[in-house]
2 protein chains.
Amino acid sequence: MPHPLRQHIEKIISLTDEEFDFVLSHFEQIKKRKHQHILQKDEIANKEYWIISGCLKSSFFDNDGKEHILQFGMENWWITDYDSFINQSKSKIYIDCIEDSELLYITYENREKLTSKMHKMERFWAKKSKYGRIALQNRILSLLKNSSKERYELLLEQYPKLFQRVPKKLIAAYLGVSRETLSRLNS
Amino acid sequence: MPHPLRQHIEKIISLTDEEFDFVLSHFEQIKKRKHQHILQKDEIANKEYWIISGCLKSSFFDNDGKEHILQFGMENWWITDYDSFINQSKSKIYIDCIEDSELLYITYENREKLTSKMHKMERFWAKKSKYGRIALQNRILSLLKNSSKERYELLLEQYPKLFQRVPKKLIAAYLGVSRETLSRLNS
DNA sequence: CATTTATCACAAATTTATTGTGACAATTGT
DNA sequence: ACAATTGTCACAATAAATTTGTGATAAATG
């Protein structure tokens, strides 16, 4: 069966075997265990990760040390701090594994190389980026217009798996409520 | 009471208040939680850490994925991969926290600066380095001449606290025996 | 001012990690 | 070749850490 990354990319653009091999040659594969981070504050994100298996979160710690989760990442998702990655600037966020995970990553330099040599992949990432932008916009809207109960229900509807996989306190940190409030939303 | 790092340094050289403040200004303080790493394979160790509180280990993973522990680090110890730090080359080792820890670190650049401006500190680190070398040599000798039971007893005698603080499987990875064998050394 | 939420405290439940031990194969030194 | 030591696998008991729900109360929100 085809490489999972190929399946993923071919949802947007199609590739020959040679093209995919060429793409893949720009990636490295690594394993990370639960709790291990792949990016921390003040580092420059020079890698973009694609999740083969496992689960990660990208989060921000406020001055009180409280964690706010920007994004969860699961199988077939991309994750990095795009602010830091694109601008090659210091990151404010922290990305770590919620489960043992297998990851593919492409460095900033390799992505530049690849997109310059292969216009198709430029298009792929451009499209990805558009979708990502829409998702972010929707998240902002949801934070503005929906109550925490509504946000909870929307998330549950959209990603029911997440609730079986990750502790509720992390869901709470994603929804922007305390874990106690989240717990009481059930009743 | 004086800063713990000052107490530590003054065991070897003496410092005025101004001198110590100057030294300290080259360090940064950070907190790390259990499981978090401060160095991983293929990174360049550009920081040397001094442990205020907590416990860390520096280890190497062999081809079978088995962990071999080079060194534990506790309060008032220094830790980094000196091979990588001194030569500013890619590290082969992994350093992570066994407990939540508070650390001071000095970057390679700052250490260069500090030692060039303050000869005393050059002497301090030179002496530290000598002691470290002796400790390493003794460890090698012990691995060569002592049985695992003897190495176990020597470690227990020298660092009894370690056995209360860290899981036996890590002691085993330090002694170079399987955790089962270590367990049976008790009887 | 009513409602919602955060915070603190606590205990129960659940999950992970640690530890010892038996059985047996592999390795080592003599 | 043989005895002793150790590694590996499997399993169960224990211990430790994490997760979860809930009450009480204060703070904030609209």
Side-chain angles (χ1 to χ4, degrees), chain A residues 32-36 54-57 59-69 72 96-101 142-156 160-187, chain B residues 32-36 54-57 59-69 72 96-101 142-156 160-187:
Chain A
K32 286 279 161 182
R33 304 220 26 222
K34 190 173 167 177
H35 293 121
Q36 290 183 187
C55 188
L56 317 239
K57 62 182 158 70
S59 48
F60 172 79
F61 289 88
D62 66 20
N63 295 331
D64 303 335
K66 213 162 50 172
E67 182 175 21
H68 302 271
I69 296 178
F72 289 106
D96 68 332
C97 298
I98 300 174
E99 303 171 358
D100 294 356
S101 303
S142 176
L143 280 167
L144 290 173
K145 77 172 186 223
N146 296 118
S147 71
S148 53
K149 172 125 199 162
E150 287 168 330
R151 296 203 304 276
Y152 164 78
E153 279 160 356
L154 282 168
L155 187 68
L156 183 57
K161 284 178 206 160
L162 207 61
F163 286 73
Q164 295 149 12
R165 275 180 95 159
V166 320
K168 304 289 172 293
K169 68 169 178 185
L170 296 183
I171 307 271
Y174 177 84
L175 291 174
V177 294
S178 70
R179 59 161 207 86
E180 292 91 339
T181 302
L182 176 63
S183 168
R184 285 186 254 261
L185 288 179
N186 286 317
S187 48
Chain B
K32 286 278 160 181
R33 303 216 34 216
K34 190 173 168 176
H35 292 120
Q36 291 184 188
C55 189
L56 318 239
K57 61 182 160 69
S59 48
F60 171 79
F61 289 87
D62 67 21
N63 295 331
D64 303 335
K66 213 161 49 170
E67 181 175 22
H68 302 270
I69 295 179
F72 289 106
D96 68 330
C97 297
I98 301 173
E99 304 171 359
D100 294 357
S101 303
S142 175
L143 281 168
L144 290 172
K145 77 173 188 218
N146 297 118
S147 71
S148 53
K149 172 125 198 166
E150 288 168 329
R151 296 203 304 277
Y152 164 77
E153 279 159 357
L154 281 169
L155 187 67
L156 184 56
K161 284 176 207 161
L162 208 61
F163 287 72
Q164 296 149 14
R165 275 181 96 159
V166 321
K168 304 290 173 291
K169 69 169 177 184
L170 297 182
I171 306 272
Y174 177 85
L175 291 174
V177 295
S178 70
R179 57 163 211 86
E180 292 91 339
T181 302
L182 177 63
S183 168
R184 286 187 253 260
L185 288 178
N186 289 315
S187 49

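Within every chain, numbering begins at 1; the chains are lettered A, B, ... in the order of the sequence lines, protein sequences first and strands thereafter. Hydrogens, waters and symmetry mates are skipped; everything else that's a heavy atom, side chains included, is used.
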Requested in this report: Mind running a 4.0 Å heavy-atom check of residues 167-174 of chain B against DNA chain D and sending the residues that fall below it, in number order?
Outcome: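 None - not one residue of the stretch has a heavy atom sitting under 4.0 Å from the strand.
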Between [X] and [Y], is any pair of side-chain heavy atoms under 4.5 Å apart?
X: A:Lys169; Y: A:Leu182; answer: no
X: A:Glu180; Y: A:Ser183; answer: no
X: A:Ile98; Y: A:Phe72; answer: yes
X: A:Asp96; Y: A:Lys57; answer: yes

So does [Y] get a backbone contact from the side chain of [X], meaning a donor-acceptor N/O pair under 3.5 Å?
X: A:Arg165; Y: A:Gly54; value: yes
X: B:Asp100; Y: B:Lys34; value: yes
X: B:Glu150; Y: B:Ser147; value: yes

Distance check needed: [N] [atom2] versus [X] [atom1], whole Å only.
X: B:Asp64; N: D:dG7; atom1: CG; atom2: C1'; result: 12 Å
X: A:Tyr152; N: C:dT5; atom1: OH; atom2: P; result: 14 Å
X: A:Phe163; N: D:dT20; atom1: CZ; atom2: P; result: 11 Å
X: B:Leu182; N: C:dT19; atom1: CG; atom2: P; result: 9 Å
X: B:Arg165; N: D:dA16; atom1: CZ; atom2: P; result: 16 Å
X: B:Asn146; N: D:dT6; atom1: CG; atom2: P; result: 12 Å
X: A:Leu185; N: C:dT5; atom1: CG; atom2: P; result: 7 Å

Query raised in the report: Given that A:Ser178 and A:Arg33 both sit by DNA chain C, which one's nearest nucleotide is further toward the 5' end?
Result: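 It is A:Ser178 whose nearest nucleotide is closer to the 5' end.
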Query raised in the report: Quick one: the side chain of A:Arg179 and the base of D:dG21, do they pair up donor-acceptor inside 3.5 Å?
Result: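 Checked by distance alone, the answer is yes.
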Report task. Record whether the side chain of A:Arg184 comes under 3.5 Å of the base of D:dG21 through a donor-acceptor pair of N or O atoms. Result ->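 Between D:dG21 and A:Arg184, which were checked side chain against base, a qualifying N/O pair under 3.5 Å is absent.
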Does the side chain of [X] get closer than 4.0 angstrom to OP1 or OP2 of [N] through an N or O atom?
X: A:Ser148; N: C:dT5; answer: yes
X: B:Lys66; N: D:dT8; answer: yes
X: B:Thr181; N: D:dT6; answer: no

Query - First encountered from the 5' end of DNA chain D, between A:Glu180 and A:His35 - result: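 Closest to the 5' end, via its nearest nucleotide, is A:His35.
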Query raised in the report: Would one find more than 12 heavy atoms of other residues, nucleotides or ligands at under 6.0 Å from atom NZ of B:Lys149?
Result: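 Yes.
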Report task. Quick one: label B:Lys149 by what it contacts on the DNA or RNA (base, sugar-phosphate, nothing), any heavy atom closer than 4.0 Å. Result ->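 Since no nucleic acid heavy atom lies under 4.0 Å of B:Lys149, the category is nothing.
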Query raised in the report: To 10°, what angle do the rotation axes through the five end pairs on each side of the helix from C:dC1-D:dG30 to C:dT30-D:dA1 form?
Result: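 The helix from C:dC1-D:dG30 to C:dT30-D:dA1 shows an end-to-end axis angle of 60°.
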Query raised in the report: Who pairs with B:Phe163 by ring pair (Phe, Tyr, Trp, His ring centres under 6.0 Å), at least two apart in sequence or on another chain?
Result: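 Per chain and number, B:Phe163 pairs via ring pair (Phe, Tyr, Trp, His ring centres under 6.0 Å) with B:Tyr152.
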